[in-house]
Amino acid sequence: MPELPEVEVVRRGLAGHVVGRTISTLEVFGHRVARRHVAGSADLSARVAGTRIEGARRRGKYLWLVLDDGAGDRQGLIVHLGMSGQMLVADPAAPDPKHLHARFRFADDGPELRFVDQRTFGGIALADLDDADVPTTIRHIAPDPFEAAYDRTAVIRRIKGKDSAVKRILLDQTVVSGIGNIYADEALWRAQIHGERPASSLTKPAIGRLLDHARDVMAAALGEGGTSFDALYVNVNGESGYFDRSLHAYGQEGRPCDRCGTPIRRAQFMNRSSFFCPHCQPVPRRGRG
DNA sequence: CTTTTCTCCTGTATGC
DNA sequence: TGCATACAGGAGAAAA
């Protein structure tokens, strides 16, 4: 549920609180959190201990810390928040919260870093970095709309070539990353496109406008500290953003559309909820766009 | 190869 | 009050 803006809020917090510091120990609790680290949690802890955090990076919903072991070897510590993951900076004397899955202690004996995750869809893992300092294990994740590597024209062309529902494609992180259910619905509302329209039925300019709306709505959300529709999304200090006040579609079932007044409708799509204005975003007829 | 469905997980809300 | 059920949904595995 944390999407690009919420993850960026966390990245900025990490940049301010842990970059430049040296990790003394990493404790991993339970078997779930390091499941993507194939060599296991003991290996993960051993490799992370003693490294210095050189940077905090992000692509889409993926975060990673660039770690330097001081001997010329650099690795990426990937952090994915999943549905409910939190990275919290805390006083080491503060009691452990429920659902604490990992704890980073630092050589300076300053505040520690905790990975807390109620639903345990998130996790941490180490990976090699490529020449651009992107972990090699997330090379299948496309650049997000804020990256220099984002090729808007190529993304439009790729989307135009697909017959799947356009919302499904917005959520496909291998096409463009960072967009989840909330910002997909918001971008579709802004673009006045129904998410079940086949992508190939949209004109290239319409696809371009949709992508630009997705970028713009995520930028606006970031400007307000992210969306806190769920109280689980917080920055590293445990504080929520307030972009949920600015949502036009997501979670607005029954409320009048801010553009035309028609009640916002909710429908099941891909086993998730989709919110849309039935007037501004007409439902496509089956078999055509 | 591409596309779609299933699965992982637990706290909260709702219905009987 | 208790118990069952629905729901939130990112992403990778599995299936089609």
Side-chain angles (χ1 to χ4, degrees), chain A residues 1-11 28-38 58-64 78-87 97-102 115-125 127 135-144 157-188 195-201 214 218 221 226-234 238 240 244 247 249-254 265-275 286:
Chain A
M1 206 140 143
E3 305 176 29
L4 186 154
E6 293 75 39
V7 178
E8 175 62 15
V9 167
V10 173
R11 190 202 65 78
V28 176
F29 308 105
H31 68 283
R32 290 268 311 161
V33 67
R35 66 193 182 283
R36 304 280 177 217
H37 187 78
V38 180
R58 182 189 56 72
R59 166 165 285 182
K61 304 169 193 171
Y62 279 84
L63 269 176
W64 64 95
I78 297 172
V79 178
H80 200 290
L81 301 177
M83 281 274 302
S84 54
Q86 304 174 334
M87 290 291 269
K98 201 171 178 181
H99 308 303
L100 175 67
H101 293 291
F115 183 78
V116 177
D117 189 4
Q118 174 188 109
R119 280 167 245 183
T120 73
F121 282 17
I124 57 180
T136 55
T137 52
I138 64 163
R139 276 191 291 209
H140 61 295
I141 302 297
D144 66 57
R157 191 186 316 122
R158 189 159 165 212
I159 293 175
K160 177 68 181 173
K162 289 176 177 285
D163 293 327
S164 296
V166 67
K167 180 172 175 180
R168 183 185 290 278
I169 297 166
L170 284 181
L171 296 173
D172 184 342
Q173 306 298 300
T174 70
V175 176
V176 54
S177 69
I179 304 169
N181 204 38
I182 294 174
Y183 298 114
D185 278 1
E186 291 301 306
L188 289 161
E196 293 184 45
R197 288 274 303 274
S200 57
S201 76
M218 290 194 291
T227 299
S228 61
F229 192 81
D230 191 314
L232 292 171
Y233 300 165
V234 292
S240 290
D244 53 311
L247 295 175
Y250 185 84
Q252 306 302 305
E253 182 182 20
R265 285 233 291 262
R266 169 183 176 154
Q268 287 302 115
F269 177 70
M270 292 172 68
N271 286 323
R272 274 132 184 76
S273 290
S274 283
F275 299 89
R286 283 172 61 90

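Residue numbers start from 1 in every chain, and the chains themselves are labelled A, B, ... in the order their sequence lines are given, proteins ahead of strands.
Following rounding to the nearest Å, F269(A) (CZ) and dC7(C) (C1') show an atom-to-atom distance of 18 Å. If you take CG of N181(A) and C1' of dA8(C), they are 10 Å apart, rounded to a whole angstrom. The nearest whole Å value for the distance from the CZ atom in R35(A) to the P atom in dA11(C) is 12 Å. Taking atom CZ of R36(A) as the reference point, atom P of dG10(C) lies 15 Å away to the nearest angstrom. In this structure, the CG atom of L4(A) is 13 Å from the P atom of dG10(C), given to the nearest Å. Atom-to-atom, CG of N271(A) to P of dC7(C) comes out at 10 Å; the value is rounded to the nearest Å. Atom-to-atom, CG of D185(A) to P of dG10(C) comes out at 11 Å; the value is rounded to the nearest Å. Straight-line distance from the OH atom of Y62(A) to the P atom of dG10(C): 12 Å, rounded to whole Å.
Residues passing the salt bridge (charged side-chain N to carboxylate O under 4.0 Å, His left out) test with K61(A): none are found, sequence neighbours excluded. For R139(A), there are no side-chain hydrogen bond (donor to acceptor under 3.5 Å, both in side chains) partners, not counting sequence neighbours. Residues passing the side-chain hydrogen bond (donor to acceptor under 3.5 Å, both in side chains) test with H101(A): none are found, sequence neighbours excluded.
Between V166(A) and P198(A) there is no side-chain heavy-atom pair separated by less than 4.5 Å. Between I78(A) and I138(A) there is a side-chain heavy-atom pair separated by less than 4.5 Å. Side-chain contact between H80(A) and L63(A): absent, with no pair of heavy atoms (C-beta onward) separated by less than 4.5 Å. R158(A) is listed as a side-chain neighbour of T174(A), based on a closest heavy-atom distance under 4.5 Å. Using a 4.5 Å heavy-atom threshold, the side chains of K162(A) and S200(A) count as separate.
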### Message
Could you walk me through whether S164(A) and R168(A) satisfy the side chain to side chain donor-acceptor pair (under 3.5 Å) test, starting with their C-alpha distance in whole Å, then the side-chain angles of each, then the deciding distance to 0.1 Å, before giving a yes or no?
### Response
CA-CA 7 Å; S164(A) 296; R168(A) 183 185 290 278; 4.9 Å; no
Exercise for review: Report the C-alpha separation of D117(A) and R32(A) in whole Å, then their side-chain angles, then the decisive distance to 0.1 Å, and conclude whether the salt bridge (Lys or Arg N to Asp or Glu O under 4.0 Å) test is met.
Suggested key: CA-CA 10 Å; D117(A) 189 4; R32(A) 290 268 311 161; over 6 Å; no
Next item on the list: Go through the steps for S177(A) and D144(A) under the test side chain to side chain donor-acceptor pair (under 3.5 Å), then give the verdict.
Entry: CA-CA 5 Å; S177(A) 69; D144(A) 66 57; 4.6 Å; no
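Counting non-hydrogen atoms under 4.0 angstrom, H140(A) reaches the backbone sugars and phosphates but no base.
Checking each of E186(A), K167(A), R272(A) against N181(A) for a side chain to side chain donor-acceptor pair (under 3.5 Å) leaves exactly one that passes, namely K167(A).
Judged by distance alone, with hydrogens and angles left aside, R119(A) brings a side-chain donor or acceptor within reach of the base of dA8(C), the pair sitting under 3.5 Å.
Of the residues in residues 163-179 of chain A, those with a non-hydrogen atom less than 4.0 angstrom from any atom of DNA chain C are Q173(A).
Dashed line: the shortest gap from a side-chain N or O of Y183(A) to OP1 or OP2 of dG10(C) is not under 4.0 Å.
Taking the screw axis at each terminus of the helix from dT2(B)-dA16(C) to dC16(B)-dG2(C) from five consecutive base pairs, the angle between the two is 50° to within rounding of 10 degrees.
DNA chain B is contacted by both R32(A) and H99(A); R32(A) maps to the nucleotide lying nearer its 5′ end (nearest heavy atom per residue).
Contact footprint of chain A on DNA chain B: nucleotides with an atom under 4.0 Å from a non-hydrogen protein atom, first to last in 5' to 3' order, dT3(B) to dG11(B).
Both geometric conditions, a ring-centre gap below 5.5 Å and a plane tilt below 30°, are fulfilled for F121(A) over the base of dG10(C).
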